[in-house]
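Here is how names work: the chains are called A, B, and so on, in the same order as the sequence lines, proteins then strands, and each is numbered from 1.
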Amino acid sequence: MKSVEKHESLTNRLLSSDGAVSVLVVLLGFLVGTILVAIVGKNPLNMYKAIFQSLSGYNIDNGKMNIRYIGETLNYAVPFILCGLSMAFAARAGLFNIGGEGQYIMGLTVAQVIGLLGPQVSGLHWILAILGAMIVGAFWGGIVGILKAKYEVSEVVSTIMLNYVALYLSRIICLQLPGATTYKTANFPETALLNNSLFQKLTNNSMLNNGFFLMIIALVVYWFIMEKTNLGFGLRATGFNKEAARCSGIPVVKSIAISMAIAGTFAGLAGGIVALGSFRYGRILSGMDNYGFNGIAVALVGNNTAFGTMLAGFLFGMLKNAQALMQGKQIPKEITFIIQGLIVVFIALRSAIAIYLAWRNKRQLQREVLTK
Amino acid sequence: MNTLFNMIPSVLMIVSPILITAVGGMICEKSGVVNIALEGLMGVGACAAASAHVLMEGAGLGTPSIWISLAIGASIGAIFSLIHAVAAINLNADQTISGTGINLLADGATIFVAQILFNADRTREFRMGMQTDALGIYPTAYIALTVVLLAWFILYKLPFGMHLRACGEHPHAADSVGINVKRIRYIAVLTSGLLAGLAGGCIVLTQTIQYTSNTINGRGFIALAAVSFGRWRPVGVTFAAFLFGTAQAFAIIANNFPALRVLPSEVFNMLPYIITLIALVAFSGKNYAPRANGKPYIKGAS
């Protein structure tokens, strides 16, 4: 009898722990993905071999080790983590930022413009470009905040609209850049690039670059603002209960605008890093890169904490890096998108846990009453 | 003027799927469930219809194949929307999260199916799409018209429609007079999935020859915009869909007009989204949305 009680309290504890539920959700996503791969007649083992290789650099099939894969996984994780922070920051203030994609695109665009047209001074050029990306991201997010705070426009609708405005605006701007064809511009000058020769040497010429440092700084800044400043406290209070926050003198309207602007800064930074770190030329986007949308999943898995978002971002970076390897093993790479989508769907379904716990408590109460 | 007149069939071709999807979205939101998964649902419908049509055409089935494919696209859309229905209605899930999940899932699932069926990141091209009638108009325009009229009639002239709207305004009051809120919301969500899937099929069968990851390209979100720009009323939504569809059409055919050639075509692509943003600001303060829109219905709680 005693052991049963203990067991029950463990399930209870696990189900009410956000971290454990996140792990469960990710495992479920992989489980369903694996079953799907098996159903269509492919070998799921190949999928895991590819994932393992992108994680460790070790190729199980031929025993060769290539550290470049680790570098690429880390590099892919950077925009996922930053877009995750963007979503998470807004979520802490009670806002749903589907606009990470648009803020990312605007950051990418401005970084490309400054990268191609800015002053070619070593050490200054890329910093200017990245700053520009962050500022435009803040602006793009800030619009949403102001619309929400002043005009009560739902941030869900306005961010979706602004994503597509950003996409087409980016095309208009980038098509005017030097050397623009239908899909790319001229090459960036050396001074604009984020390359880090040490990283390249260490990781066998992967694309890993200084953006990695910027991401680490962003993580620390996120944690610091959220947990250690009055601003962060006000934002979290607004997120918990808007009315209570207003009554205790927290400027709710300002909080909402600022939190969306900061959220946009993270996504804009992601755009700048991808533009100048992972490509040598400016891109003329024909569709979304989807980092912003996946950032939603990253933040949800990471429960909007800095550490959780980082782990979830690495998971998504690993999946993205594994795509090419999967395709080489006859596994359609889209399975990674499916797994990511499933993870978000399962997160939506986690509200079932609360219903289940309530039902179980009720049943337990009934049992206790009956035994008495 | 003549060029403008000649534009009508292509405008109708582009407007119809947006309108069909928007009507579905409107019905869904009228019942109190927000559906931002329209984009993804159009995608699965389009992919299913394209795949079915290619396979049936290859098997020697002629014109009936198009109509069967449309039906298949619509059914797959409805089946996919079941996820949203279960999450939003039974499990009180956050409807924005579940919608986002379906959009991401649809992105992957459609191309995954194409990889399995056709070994490529797109479906194989079909030879014959839908044919226009004597006026040069695709049947999809008539389908859209039927859908709008039917939706208006059901929503405003039948008791069922009144019940549905009550669920979106005040589900507790509706429940107290014996309306089954969950059942009605299920019907509404599945209808929106069905219509989005149908619209996806319409896009593939009239505007392209295969499904690629770029086929839908934001049209589900335009439909979503049309719902709020049209203030959740059939007439408004129809007007909004026409406005946005025409802007989309201009993006494609602006080259025929010397005066418009100076503008990049992207300006027209952007227009629906900008108009919606401005409209949302202009209408701010007056709430046209169904009052219980997006809120899960929990019996007993109020």
Relative to chain B, which segment of [X] carries a heavy atom at a distance below 4.5 Å: side chain, backbone, both, or neither?
{"X": "A:L147", "value": "side chain"}
{"X": "A:N163", "value": "neither"}
{"X": "A:V156", "value": "side chain"}
{"X": "A:Q176", "value": "neither"}
{"X": "A:L300", "value": "side chain"}
{"X": "A:I339", "value": "neither"}
{"X": "A:I353", "value": "neither"}
{"X": "A:I296", "value": "side chain"}
{"X": "A:K42", "value": "side chain"}
{"X": "A:L349", "value": "both"}

Next item on the list: Considering non-hydrogen atoms only, spot the tightest contact between A:Y164 and B:E39 and give its length.
Entry: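 So the minimum-distance heavy-atom pair works out to OH-OE2, 3.9 Å.
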Notebook entry, point to check: Can you say whether B:N269 sits under 4.5 Å from chain A via the side chain, the backbone, both, or neither, judging by heavy atoms?
Noted result: both
Margin query: Need one label for B:V267: side chain, backbone, both or neither, based on atoms under 4.5 Å from any heavy atom in chain A.
Written below: both
Close side-chain approach of [X] and [Y], heavy atoms under 4.5 Å:
{"X": "B:Y273", "Y": "A:Y168", "value": "yes"}
{"X": "A:I172", "Y": "B:M270", "value": "yes"}
{"X": "A:Q327", "Y": "B:Q115", "value": "yes"}

Next item on the list: Using the side chain to side chain contact (heavy atoms under 4.5 Å, CB included) rule, pick out the option among B:N90, B:D94, B:L91 that qualifies with A:S351.
Entry: B:L91
Check: For the side chain to side chain contact (heavy atoms under 4.5 Å, CB included) test, which of B:L277, B:I222, B:I275 pairs with A:M161?
Finding: B:L277
Next item on the list: Heavy-atom pairs under 4.5 Å with chain B are the metric here; pick the option from A:L342, A:V344, A:I338 that has the most.
Entry: A:I338
Checklist line | Check against side-chain contact (heavy atoms from CB on, under 4.5 Å), B:V281 and A:K150 | finding: CA-CA 9 Å; B:V281 173; A:K150 272 206 140 154; over 6 Å; no
Check: How far apart are the C-alpha atoms of A:V157 and B:I36, what are their side-chain angles, what is the distance that settles it, and do they pass the side-chain contact (heavy atoms from CB on, under 4.5 Å) test?
Finding: CA-CA 9 Å; A:V157 178; B:I36 65 163; over 6 Å; no
Does [atom1] in [X] sit with more than 12 non-hydrogen atoms of other residues, nucleotides or ligands closer than 6.0 Å?
{"X": "A:R350", "atom1": "CZ", "value": "yes"}
{"X": "A:F139", "atom1": "CZ", "value": "no"}
{"X": "B:F239", "atom1": "CZ", "value": "no"}
{"X": "B:R233", "atom1": "CZ", "value": "no"}

Margin query: Quick check: under 4.5 Å, non-hydrogen atoms only, which of residues 96-112 of chain B neighbour chain A?
Written below: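 Residues B:T96, B:I97, B:S98, B:T100, B:G101, B:I102, B:L104, B:L105, B:D107, B:G108, B:A109, B:I111, B:F112 are the ones that qualify, each having a heavy atom under 4.5 Å from chain A.
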